[in-house]
Amino acid sequence: MFKAIAAATATVALALGLSLAAVAPASAEGESNDPSFYQTPGTSEICQKFTPSGDITTVTATSFSIPAGDILTKVIIKAGNTGASGQGPENHGYYTDSTYEYPAAYTDLDWVHVSDLSSTTFSHPSGKNISHAIYCYIPAPPTDVAGAAAATNPVCTDNEIVSGFITVTITTGVTYVITNNADGTHTPIPFDGTTGKTGDLPAGSYTVAASPSSSAYHLTSAESIPLTIAANPTDCGKVSASVTPSAIVTDQTCNTQDLEKPFKVNGFITVGNLTGVTYTITADKDATHTPIPYDAVTGKTGLLVPGGYTVHPAAKSGFTLSSAADIRLTIAAYDGPCTGLDTHPLVDPSAVQQQIGCNTDGSYTLSSDQQDPAAVVWTVNGSIVSQGTYVVTTAGTYHVVAAPGPGFGFAKDTQTTWDFTFGVPTTCDLKTLALTGSADGMPMLAASGLFMLLGVALVRSGLRTRRRNAAS
């Protein structure tokens, strides 16, 4: 009986051993041919199997069915049982990212790293025909997209109101829903799919909801964009008066009122036509473009450093600008040293001509309102002379020039040159000259009258004498 039991046990053991020997290799073979065997745990990797239709030794990614945009992670080439011939593992794998080098512990698989799987030609090191290939890929990462929207307020154009509207930026991967916040039903407002513009919208507040159009996109902007459309202009249709913007500069100056400590005074800008125009004044060097205030009555700014400035005009209600262009201005720096200025007493020069007479010499007199005779430097026909009276006896021309003497100055409009022309009289009467020494007729008339009175007196005296003689 013992022999029977031993024989039975041996038979069972032999059968079990043969069964295990047959099952174990078949199970390993089955796993390596299954695409899921190569999927890397904890990732979104997907693996599929490719079986060529004929005998080939190479294959490329173009033979694989990979969704557009998805990324190839690895390829395993199987070329039959190569182990018996000493030609290495039966499976030969290619990868780029080591994250997907799986299963790394599988002994019947060797790996090779390549920089770009999509451009690699795959083959088995044995050179044998490819029985099949396992290729794996991951979905492409979502593309970043951003939504944007803006409101355009109603405006008055050609005395008519152009209503406001909303414009969304049409971007692939972004969908929009526009609603009026006052609409309790939140009915979407339609917009043009090309321009992104809605139709005319009333004044009020609106919300633009942005979202990715699919999982292939990732929204980087805000999901909710609040917008407001203002009310219609109230003065549309009224005739606007045209007004011209204006702006001028006053350059930097030197203040010398304090002669001991003069200082530079910065310039300023003055804007005009304030009734119909408002202005925004900014310094070109100011990156923040902070507006510079100005007086609402005079239009003057405060003191400004030398440099470039921009004046932007805008029309007030009821006015239109003849030109809306920015006005570019430059405040110039004071040119030259700002030092104390010397001041001197003012002197008023005087030059007077006396023409030549029939029996008198001519003359010219040089003087001033200062007692100091050196207050004026005189030149006559280019020669320096002293102040005083100079006699002229013959015809001629004299060019007189006055200049301030040392320590003196002239006022702005002071006369400094004179031209005197002298000539000899040509109408003098010799008899008259003999009697009066003058070409003037008045002395002659006076003498004639004197002789007439003397004659009358002599006649009357003679008559009285005759009467007395006759009486005696």
Side-chain angles (χ1 to χ4, degrees), residues 248-265 267 306 331-450:
I248 58 175
V249 297
T250 298
D251 294 330
Q252 187 185 58
T253 59
C254 178
N255 187 331
T256 57
Q257 292 181 356
D258 184 349
L259 298 179
E260 294 182 357
K261 297 180 179 179
F263 56 91
K264 292 181 179 180
V265 180
I331 296 178
Y334 179 76
D335 186 13
C338 184
T339 58
L341 302 178
D342 294 333
T343 58
H344 302 292
L346 297 180
V347 56
D348 185 17
S350 173
V352 179
Q353 177 188 16
Q354 179 65 43
Q355 189 57 260
I356 298 174
C358 288
N359 65 342
T360 59
D361 294 332
S363 66
Y364 58 88
T365 301
L366 311 179
S367 63
S368 75
D369 61 347
Q370 298 289 329
Q371 294 182 352
D372 188 348
V376 180
V377 176
W378 296 96
T379 59
V380 178
N381 291 343
S383 299
I384 297 178
V385 299
S386 300
Q387 74 175 25
T389 300
Y390 293 86
V391 176
V392 178
T393 58
T394 59
T397 298
Y398 297 83
H399 179 65
V400 180
V401 177
F408 292 89
F410 287 168
K412 181 179 180 181
D413 298 325
T414 300
Q415 182 178 355
T416 58
T417 61
W418 295 262
D419 287 297
F420 297 147
T421 300
F422 292 90
V424 176
T426 58
T427 59
C428 295
D429 185 284
L430 295 178
K431 292 182 179 180
T432 301
L433 291 174
L435 291 172
T436 66
S438 172
D440 193 352
M442 291 301 296
M444 181 178 69
L445 292 175
S448 298
L450 179 61

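Keep in mind that the numbers below use all heavy atoms, side chains included, and drop hydrogens, waters and symmetry copies.
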- Task: Please state whether the rings of Tyr364 and Phe422 are parallel, tilted or perpendicular, taking 30° and 60° as the class boundaries.
- Result: tilted
- Which heavy atom in Val392 sits nearest to a heavy atom in Thr394, and how many Å separate them? CG1-O, 3.2 Å
- Keeping the roles fixed (side chain from Gln252, backbone from Ile331), state whether a donor-acceptor pair exists under 3.5 Å. no
- Item | Which residues share a side-chain hydrogen bond (donor to acceptor under 3.5 Å, both in side chains) with Thr253, sequence neighbours left out | none
- Taken in chain and number order and not counting sequence neighbours, the residues that satisfy ring-ring contact (aromatic ring centres under 6.0 Å, His included) with Phe408 are none
- Message: Using the ring-ring contact (aromatic ring centres under 6.0 Å, His included) criterion, which residues pair with Tyr334? Sequence neighbours excluded.
- Response: none
- Item | Closest heavy-atom pair and its distance - Gly409, Pro404 | CA-CB, 3.9 Å
- Residue Asp335 excluded, over 12 heavy atoms near CG under 6.0 Å: no
- Here the pair of heavy atoms bringing Gly423 nearest to Ala395 is CA-CB, 4.0 Å
- Item | For Val352, side chain to side chain contact (heavy atoms under 4.5 Å, CB included) partners two or more places apart | Ser350
In residues 377-386, what donor-acceptor pairs under 3.5 Å come from side-chain atoms, sequence neighbours left out?
residue : atom : partner : partner atom : Å
Asn381  : OD1  : His399  : N            : 2.7
Asn381  : ND2  : Thr397  : O            : 3.4

- Set of residues satisfying side chain to side chain contact (heavy atoms under 4.5 Å, CB included) with respect to Pro425, sequence neighbours excluded: Ile356, Cys358, Cys428
Tabulate below the donor-acceptor pairs under 3.5 Å that side-chain atoms of residues 365-376 make, not counting sequence neighbours, or state none.
residue : atom : partner : partner atom : Å
Thr365  : OG1  : Thr389  : OG1          : 2.9
Ser368  : OG   : Gln370  : N            : 3.2
Ser368  : OG   : Gln370  : O            : 3.4
Asp369  : OD1  : Asp348  : N            : 2.9
Gln370  : NE2  : Leu346  : O            : 3.2
Asp372  : OD1  : Ala374  : N            : 2.9

- How would you list, by chain and number, every residue that makes a side-chain hydrogen bond (donor to acceptor under 3.5 Å, both in side chains) with Gln387, sequence neighbours excluded? none
- Note on the structure: Sorted by chain and number, sequence neighbours left out, ring-ring contact (aromatic ring centres under 6.0 Å, His included) with Phe410 holds for none
- Qualifying residues under side chain to side chain contact (heavy atoms under 4.5 Å, CB included), relative to Gln354, sequence neighbours excluded: Ser363
- Item | Any residue meeting side chain to side chain contact (heavy atoms under 4.5 Å, CB included) with Gln415, in chain and number order, not counting sequence neighbours | Trp418
